[in-house]
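Input: a single structure, listed below in structure tokens.
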Amino acid sequence: MKKVMLFLVFGALLSCKQSFVEADLQHLNGYWEIEKVVLPDGEKKEYKVNETIDFFKITKSNGFRTKVMPQIDGTYLTNNINESVNVVIKDGTASIYYKTTYASWNEDIITLTKDQFVVKNQQDLEYHYKRPVKFSEK
């Protein structure tokens with residue numbers, strides 16, 4: 001009986017998913033560094049050093065994402081190429097819709113907190129991000 005209860009509790013915890021509201025989108029703003037990618041088969045690709053970092057600027061549910069390159073002095077270089085972003089929240093789930101001149105795609109937000117950001121794309125690749133630490137703080 002204990003094993004059945006433990007299994008049910010564990011199953012319930014796994015099925016818990018973050019429910020999103022518009023106020024959660026404030027956490028998306030700022031710099032995000034990729035930490036790892038989880039492949040559909042569960043294999044993980046770890047990122048120890050990143051040459052580029054994503055910068056998001058969202059107001060309400062619209063904004064942009066751009067790639068920036070961290071510098072030793074704590075500043076960032078950018079090529080000023082922005083991807084248009086629209087975040088849609090429906091029934092507690094959130095998806096990011098990206099658009100450029102050449103393509104459009106979307107990712108489902110799995111987790112979004114002040115310090116953690118996880119999305120899953122249409123190929124079932126799960127991207128885990130963290131807030132970057134400046135070189136001077138490492």
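Remember, predicted model here, so these are calculated numbers, not experimental data. Worth knowing before you read on, the calculation uses all heavy atoms, side chains too, and leaves out hydrogens, waters and symmetry mates. Numbering of residues begins at 1 and proceeds along the displayed sequence.
In Glu51, the CD atom is not crowded: 12 or fewer heavy atoms of neighbouring residues, nucleotides or ligands sit closer than 6.0 Å. Atom CG of Asp91 sits in a sparse spot, with 12 or fewer heavy atoms from other residues, nucleotides or ligands closer than 6.0 Å.
Residue Phe20 comes nearest to Ile89 through the heavy atom pair O-CG2, 3.4 Å, listed as atom of the first residue, atom of the second, then distance. The shortest non-hydrogen separation linking Lys120 to Asp124 is CD-OD1, 3.6 Å. Residues Pro132 and Tyr76 approach most closely at CG-OH, 3.9 Å, considering heavy atoms. Taking every heavy atom of both residues into account, Thr111 and Gln116 meet most closely at CG2-OE1, 3.7 Å. The shortest heavy-atom contact between Pro70 and Asn50 is CG-O, 4.2 Å. Listed here is the closest heavy atom pair of Asp108 and Asn106: OD1-ND2, 4.2 Å.
With hydrophobic clusters built from ILVMFWY side chains whose heavy atoms lie under 4.5 angstrom apart, Ile34 shares a cluster with Trp105. Under the 4.5 Å side-chain heavy-atom criterion for grouping Ile, Leu, Val, Met, Phe, Trp and Tyr, Trp32 is connected to Val37 within one hydrophobic cluster. The same ILVMFWY cluster, assembled from side-chain heavy atoms under 4.5 Å apart, contains both Tyr127 and Leu39. Leu25 and Phe64 fall into different hydrophobic clusters, where Ile, Leu, Val, Met, Phe, Trp and Tyr side chains are chained together by heavy-atom contacts under 4.5 Å. Following chains of ILVMFWY side-chain contacts shorter than 4.5 Å, one cannot reach Tyr47 starting from Met69, and the two form parts of different hydrophobic clusters.
Between atom NZ of residue Lys67 and atom CD of residue Glu83 there is a gap of 6.5 Å, rounded to the nearest 0.5 Å. Rounded to the nearest 0.5 Å, atoms NZ (Lys114) and NE2 (His27) are 9.0 Å apart. Here the NZ atom belonging to Lys60 is positioned 14.0 Å from the CD atom belonging to Gln26, to the nearest 0.5 angstrom. Put simply, NZ on Lys45 and CD on Glu35 are 14.5 Å apart, with the number rounded to the nearest 0.5 Å. Annotation: the span from Thr113 atom OG1 to Gln18 atom CD amounts to 7.5 Å, rounded to 0.5 Å.
Remark: side-chain polar atoms of Asn29 are paired, donor with acceptor, to backbone N or O of Ile58 under 3.5 angstrom. Listed for the Thr66 side chain is a donor-acceptor partner under 3.5 Å among the backbone atoms of Ile81.
Between Asp73 and Gln71, the side chains place no donor N or O within less than 3.5 Å of an acceptor N or O (distance only, hydrogens not considered). Judged purely by distance below 3.5 Å, without hydrogens or angles, the side chains of Tyr98 and Glu107 pair a donor atom with an acceptor atom.
Annotation: side chain of Ile96 is in contact with side chain of Leu28 (closest heavy-atom distance under 4.5 Å). Counting heavy atoms from C-beta outward, Tyr129 and Leu112 have side chains that stay 4.5 Å or more apart. At a threshold of 4.5 Å between non-hydrogen side-chain atoms, the residues Ser95 and Val87 do not count as touching.
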